[in-house]
2 protein chains.
Amino acid sequence: MNERDFLRDYDKNSYSSPLVTVDAALFTYQDECLKVLLIQRANHPERGKWALPGGFIDEQADTDLDVAVQRKLYEKTGVRIPYIEQLASFGSNKRDKRGWSVTIAYTALVAYQDCSALAESVSDTRWVPLQELPQLKLAFDHEQLILCARERLRQKALYSIVPAYTLPEHFTLPALQQVHEALIGKPLQKKSFRRRIEQAELLIDTGKKRAEGGRPATLYRMKPGAAEHFFLRNLEL
Amino acid sequence: MNERDFLRDYDKNSYSSPLVTVDAALFTYQDECLKVLLIQRANHPERGKWALPGGFIDEQADTDLDVAVQRKLYEKTGVRIPYIEQLASFGSNKRDKRGWSVTIAYTALVAYQDCSALAESVSDTRWVPLQELPQLKLAFDHEQLILCARERLRQKALYSIVPAYTLPEHFTLPALQQVHEALIGKPLQKKSFRRRIEQAELLIDTGKKRAEGGRPATLYRMKPGAAEHFFLRNLEL
DNA sequence: CCAATAGTGTCTATCAGACATTATCTA
DNA sequence: TAGATAATGTCTGATAGACACTATTGG
């Protein structure tokens, strides 16, 4: 038999296959704390519990995994998310009561004000501060996914400025440092933080603003490709 | 309707779901070059092409993804692989002619002599030097998976001693440095390489051996947890 | 002895930590 | 003016690069 005949006779759906979903841990930074977007499940299973935005692959609409997760995030937030990166996949016969399931998990970042409208207006959608997670009932293994994403972001905060995507397009260095400190969980040296970003020329000076009672801070925006820059030395732990 | 009734009535197989596979890029180091284990496909689709060890999830036998990939590797090599780590997932409606498919890809490492017997005896299984990949017809997107795994290993060579798993349990520092150099693609400073490993106390001195015409080199083995140690500073590019 | 390979001594360069100092805003 | 926040100056310490040197084996 040649391949064409094989494919003609092959019926994918006559074999059992795990359920496949994509899920995204979408983080932002607001009110001096990191928050993740959660959605209260309207349907079984795990109805009423809070879950990450995500869901089944649509074999017609989605051409690949990245498209699928972008679609899910767009459906839930109504905006294009500037930073999405694959995190890891989780699959077992236990994580979903419907049977063997796999989720391809993503980490995503967005500025709060670019994404607040929908979440603030709909009662089943919330920006949840990370400290409040333990009190909330999360669906499936989504708490684990969030912790995994958080840990990866913490690492990135040590050697990149990826966390800048939690801020508006124009942001100050003190603001960026705050996000990094929140992720790393300890204060950083102002001088070290600025020095490495300056030397690597990752940001573009705009005009200054942002006065909060003291000297106004310079507003910057990221250079194209700045998020792909990895420092050779980590900030210390 | 409550969740129990929902689950009783739910038939997972009445919905179409992508094909789900796991695949592993299993690397080793032999004859001064990096090699990856490939298997010639006996069945459609892509019959005759070379592919990574892997295949469909077995919903009965496999309790989770890690178990599935370990099973696949055991079936192909007959040995327990000491280093397996999830790499990334690849999914689209194009990568497999049978339809929408997702593979969860893994990177794995093994010492050549711990894994040579089967590969040398069976004609459809080969350790392929990485330089020879472009000449070989690879199935699906497996060439891309290998390149992706290789790039991740290259990064790890800059800040960890994970590549030590390509060597036998007892190995010399010059041998380890060779592997790192092969991955990074440029020579390293002997002194820098040794110094950081010594200072972090990642290896245990055994007794010396390995004479290759000159002064015999000390044989070491990894301390437990040594592969999880990440240096704060990368080797430079 | 020499050739070959392993391993060390040591100087320099880079860059993060620490922290004091200066700058620029509002009230 | 004081208070607050932003930004800089500058010293120290850790560690990678460079490369010459010593050590240990076999002929």
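Within every chain, numbering begins at 1; the chains are lettered A, B, ... in the order of the sequence lines, protein sequences first and strands thereafter.
- In this structure, A:Glu181 contributes its side chain and A:Leu188 its backbone to a donor-acceptor pair below 3.5 Å.
- A donor N or O paired with an acceptor N or O is not found under 3.5 Å between the base of D:dA16 and the side-chain atoms of B:Arg233.
- For A:Arg215 against D:dA7, no side-chain N or O and base N or O form a donor-acceptor pair under 3.5 Å.
- Closest contact between the side chain of B:Glu236 and the listed nucleotides D:dA16, D:dT25, D:dA6 involves D:dA16.
- Of the residues near DNA chain C, B:Leu173 and A:Gly213, the one whose nearest nucleotide (by heavy atom distance) lies more toward the 5' end is B:Leu173.
- In this structure, A:Gln131 places its CD atom where more than 12 heavy-atom neighbours from other residues, nucleotides or ligands lie under 6.0 Å away.
- In this structure, the nucleotide among C:dT5, D:dA7, D:dT15 sitting nearest to the side chain of B:Glu212 is C:dT5.
- Heavy atoms of A:Leu232 sit nowhere under 4.0 angstrom from any nucleic acid atom.
- No engagement by B:Thr172 is indicated, since no non-hydrogen atom pair under 4.0 Å with the nucleic acid exists.
- Under the 4.0 Å criterion applied to side-chain N and carboxylate O atoms, A:Glu85 and A:Lys156 are assigned as salt-bridge partners.
- In A:Glu212, the CD atom is not crowded: 12 or fewer heavy atoms of neighbouring residues, nucleotides or ligands sit closer than 6.0 Å.
- The residues A:Glu198 and A:Arg195 are annotated as not salt-bridged, no charged nitrogen and carboxylate oxygen being separated by less than 4.0 angstrom.
- Counting heavy-atom neighbours within 6.0 Å of A:Gln135 CD, excluding the residue itself, gives a total above 12.
- One axis for each end of the helix from C:dC1-D:dG27 to C:dA27-D:dT1, each built from five base pairs, and the angle between them comes to 10° at 10° resolution.
- In this structure, CD of B:Gln177 is placed 13 Å from C1' of D:dA16, rounded to the nearest angstrom.
- Using a 4.0 Å cutoff on non-hydrogen atoms, the parts of residues 179-206 of chain A near DNA chain C are A:Gln189, A:Lys191, A:Ser192, A:Arg195, A:Arg196, A:Gln199, ordered by number.
- Remark: aromatic rings of A:His180 and A:Phe193 are close, center separation under 6.0 Å.
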Derivation and outcome, ring-ring contact (aromatic ring centres under 6.0 Å, His included), residues B:Phe230 and B:Tyr159: CA-CA 6 Å; B:Phe230 293 169; B:Tyr159 61 76; 5.1 Å; yes

